[in-house]
Amino acid sequence: MTPGPISALLEARWFTHLAAALLTLPYWTSGIAKLFDLDGAFAEAAHFALSPVWLVVAATILVQIGGSLLVILGRLSWLGAGALGIFTAAATLIAHPFWQVADPMLRFHERNTFLEHVGLIGGFMLAAILSHRKRRP
């Protein structure tokens, strides 16, 4: 049984919004940073040989900020969480292929980053599940 104060906290709407803001923090801050540094965003996409660069950057910003807002606001959370989860899976495979790294220390760090991103994907899966369950009769 969950203690009363903890139960009250878990039921608090503000706590849900805070949790969603923290889960999506890396995404909405990255999207905002890209908006204010488009040259850097274009350079990042080009570095990973993604093209057309302008479309990749526009889609990235849209998913990062738009998906985050959907999760934080609790409106179509499944869509925002799904978009951010798919984005994270693709970006992680592109940016952190630890299995291709020869140096053991670098491979260790890339593997940790890869697994942290997989954990974020799990967080988005839970966010979508909880949003769905909350809306069921």
Side-chain angles (χ1 to χ4, degrees):
M1 184 164 139
T2 308
I6 301 298
S7 183
L9 182 63
L10 295 175
E11 294 291 330
R13 191 171 184 89
W14 69 267
F15 194 70
T16 302
H17 291 300
L18 175 62
L22 292 175
L23 175 62
T24 60
L25 178 72
Y27 301 90
W28 57 263
T29 58
S30 176
I32 291 169
K34 284 174 177 57
L35 278 176
F36 285 97
D37 182 16
L38 286 173
D39 289 339
F42 292 144
E44 180 182 40
H47 169 77
F48 290 109
L50 302 172
S51 64
V53 170
W54 68 269
L55 183 58
V56 170
V57 170
T60 298
I61 292 169
L62 176 66
V63 168
Q64 288 183 321
I65 295 175
S68 295
L69 281 172
L70 291 176
V71 172
I72 293 166
L73 298 175
R75 304 284 182 211
L76 299 175
S77 294
W78 62 270
L79 179 60
L84 289 168
I86 291 168
F87 170 83
T88 302
T92 302
L93 289 169
I94 292 167
H96 303 287
F98 67 91
W99 55 91
Q100 296 177 353
V101 179
D103 178 83
M105 186 57 75
L106 290 176
R107 183 174 52 248
F108 173 79
H109 289 293
E110 284 297 311
R111 181 180 171 276
N112 282 346
T113 301
F114 186 95
L115 293 175
E116 288 168 358
H117 285 78
V118 171
L120 283 168
I121 294 168
F124 289 125
M125 293 166 70
L126 284 172
I129 290 166
L130 292 174
S131 172
H132 173 73
R133 288 182 181 173
K134 182 175 80 173
R135 304 226 186 284
R136 280 193 318 196

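The two residues Val63 and Ala83 have their closest heavy-atom pair at CG1-O, 3.8 Å. When all heavy atoms are compared, the tightest approach of Ala45 to Val56 is CB-CG1, 4.1 Å. Closest approach of Thr24 and Ser68 over heavy atoms only: CB-OG, 3.4 Å. Nearest heavy atom pair, residue Ala102 against residue Arg107, reads O-NH1, 3.1 Å. When all heavy atoms of Ala128 and Trp78 are compared, the pair lying nearest together is CB-CA, 4.1 Å. Annotation for Leu84 and Gly67: closest pair CD1-C, 3.6 Å, computed over non-hydrogen atoms.
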Next on the checklist: Assess the residue pair Leu120 and Tyr27 against the criterion (side chain to side chain contact (heavy atoms under 4.5 Å, CB included)); give the C-alpha distance rounded to whole Å, side-chain angles, the decisive distance to 0.1 Å, and a yes or no.
Outcome noted: CA-CA 11 Å; Leu120 283 168; Tyr27 301 90; 3.5 Å; yes
Item to check | Worked check of side chain to side chain contact (heavy atoms under 4.5 Å, CB included) between Asp39 and Asp37 | outcome: CA-CA 5 Å; Asp39 289 339; Asp37 182 16; 4.1 Å; yes
Checklist entry - Could you walk me through whether Phe124 and Leu23 pass the side chain to side chain contact (heavy atoms under 4.5 Å, CB included) check? => result CA-CA 8 Å; Phe124 289 125; Leu23 175 62; 3.7 Å; yes
Item to check | Pair Ile121-Phe87, side chain to side chain contact (heavy atoms under 4.5 Å, CB included): steps then yes or no | outcome: CA-CA 9 Å; Ile121 294 168; Phe87 170 83; over 6 Å; no
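Thr92 contributes atom OG1, which lies 10.0 Å from atom CD of Glu116 (distance to the nearest 0.5 angstrom). Between Ile65 atom CD1 and Leu70 atom CG the span is 12.0 Å, to the nearest 0.5 Å.
Annotation: side chain of Leu50 is in contact with side chain of Ile94 (closest heavy-atom distance under 4.5 Å). You'll find the side chain of Phe114 reaches within 4.5 Å of the side chain of Leu93, heavy atoms only. Residues Leu55 and Val57 form no side-chain contact, since every pair of their non-hydrogen atoms from C-beta on lies 4.5 Å or further apart.
At a threshold of 4.5 Å between side-chain heavy atoms, the hydrophobic network of Ile, Leu, Val, Met, Phe, Trp and Tyr places Trp99 and Phe48 in two separate groups.
Using modelled atom types, one side-chain atom of His17 and one backbone atom of Ile72 make a donor-acceptor pair closer than 3.5 Å.
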